[in-house]
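We use all heavy atoms of the structure for the numbers below, so side chains are in, but hydrogens, waters and symmetry mates are not. Atoms within a ligand are numbered from 1 in the order they appear, just like the ligands themselves.
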Amino acid sequence: MSADTAKINAAMAALDYVREGMTVGLGSGSTAAHFVRLLGERVRQGLVVLGVPTSEATRSLAEAAGVPLVDIERVTRIHVSVDGADEIDPGFNLIKGAGGALLREKIVAAAADHFIVIGDDTKPVPVLGAFPLPIEVTPFGFSLTAGRIFEALRETGCRGDDVTLRPGAEEALPYITDNGNIILDAAAQMIPNPHALAAALKRIPGVVEHGLFLDMARTVIIGRDEDALIQEKE
Ligand code: 5RP
């Protein structure tokens with residue numbers, strides 16, 4: 001099975017949740033990009049929607065795909081937001097942020113009436129943590145912040161505690177987010193208590209946002225070769 005076919009099937013299934021007149025959060029990453037392109041096709045066929053992009057990359061993609069956009073400062077309601085994930089646990093808790101867009105993704109997902117996660121079958125996991133957890137931090141004092149993150153990983157029982165600065169396209173420089181911050185990737189390996197870790201990270205000055213998206217997703221769509229498996233939160 002091609003991973004792309006599975007991602008496209010997930011994105012196509014998510015389109016069924018979009019109705020005329022909706023304001024739609026547009027996620028970031030390769031799976032969300034399929035959704036944006038397919039939504040653009042529907043717009044060309046006459047569907048009226050407004051998109052709220054979660055990254056500058058998605059903004060460019062949506063503009064190219066012909067999805068009309070609305071400035072987030074003018075939005076009063078986001079009906080549905082569709083985004084990818086790096087890991088999805090059985091309770092629909094997620095790790096997100098491999099693409100570095102986690103802050104805007106979380107703001108948009110939290111504002112949406114309905115948050116839909118799309119991915120292929122590499123995304124579901126029994127326990128979060130094998131995928132390094134992205135944490136957006138301020139450049140000021142990031143070494144001290146990394147130390148506090150290390151402590152938070154230990155105190156909340158994570159198996160790993162390695163915290164690394166994400167490099168940019170030029171290895172000598174850090175990756176810079178759309179918000180002018182940097183990303184620390186925490187190799188927790190296994191996160192036994194995601195809520196405790198999320199709370200501990202939120203208490204650290206310098207942490208802007210982390211990639212644990214807990215109790216937010218209502219629908220998870222896993223694309224397969226021929227179709228997509230749709231799961232709704234009970
Ligand atoms: C970007 C994200 C992405 O949604 C996540 O990394 C999944 O990406 P992909 O669909 O390419 O596997 O959180 O910040």
Side chain of Lys123, backbone of Ala85: donor and acceptor closer than 3.5 Å?
yes
Does Pro132 offer a backbone N or O that forms a donor-acceptor pair with the side chain of Asp185 under 3.5 Å?
no
Closest protein heavy atom to [atom], given as residue, atom name and distance to 0.1 Å:
atom                    : answer
atom 12 (O) of ligand 1 : Lys123 NZ, 2.6 Å
atom 5 (C) of ligand 1  : Asp86 OD1, 3.1 Å
atom 10 (O) of ligand 1 : Thr31 OG1, 2.5 Å
atom 11 (O) of ligand 1 : Ser30 OG, 2.5 Å

Taking all heavy atoms of Ala14 and all of Val82, pick out the closest pair and write down the distance.
CB-CG1, 3.9 Å
Between Asn93 and Asp215, what is the shortest heavy-atom contact and its length?
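For Asn93 and Asp215, the tightest heavy-atom pair comes out as OD1-N, 2.9 Å.
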Examine Val117 and Met216 and state if one hydrophobic cluster contains both, with Ile, Leu, Val, Met, Phe, Trp and Tyr joined whenever side-chain heavy atoms are less than 4.5 Å apart.
yes
N/O to N/O below 3.5 Å, does that happen between Ala32 and ligand 1?
no
Ligand 1 to Gly29 polar contact by distance, N or O atoms, under 3.5 Å:
no
Under 4.0 Å to a heavy atom of [X] - the qualifying atoms of ligand 1, by number:
X      : result
Gly99  : 1 (C), 6 (O), 14 (O)
Ala101 : 14 (O)
Gly97  : 2 (C), 13 (O), 14 (O)
Gly84  : 4 (O)
Asp83  : 4 (O)
Ser28  : 1 (C), 2 (C), 3 (C), 4 (O)
Gly100 : 14 (O)
Glu105 : 1 (C), 2 (C), 4 (O), 13 (O), 14 (O)

At under 4.0 Å between heavy atoms, which part of Ser55 makes contact with ligand 1: side chain, backbone, both or neither?
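The answer is neither.
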Hey, what's the ring geometry for His114 with Tyr17, parallel, tilted or perpendicular (30° and 60° as the breaks)?
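Answer is perpendicular, since the angle exceeds 60°.
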Short N-O contact, [X] and [Y], less than 4.0 angstrom:
X      : Y      : answer
Glu56  : Arg104 : yes
Lys7   : Asp4   : no
Lys202 : Glu209 : yes

Is the CD atom of Glu170 crowded by more than 12 outside heavy atoms at less than 6.0 Å?
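Not buried by this count: 12 neighbours or fewer within 6.0 Å.
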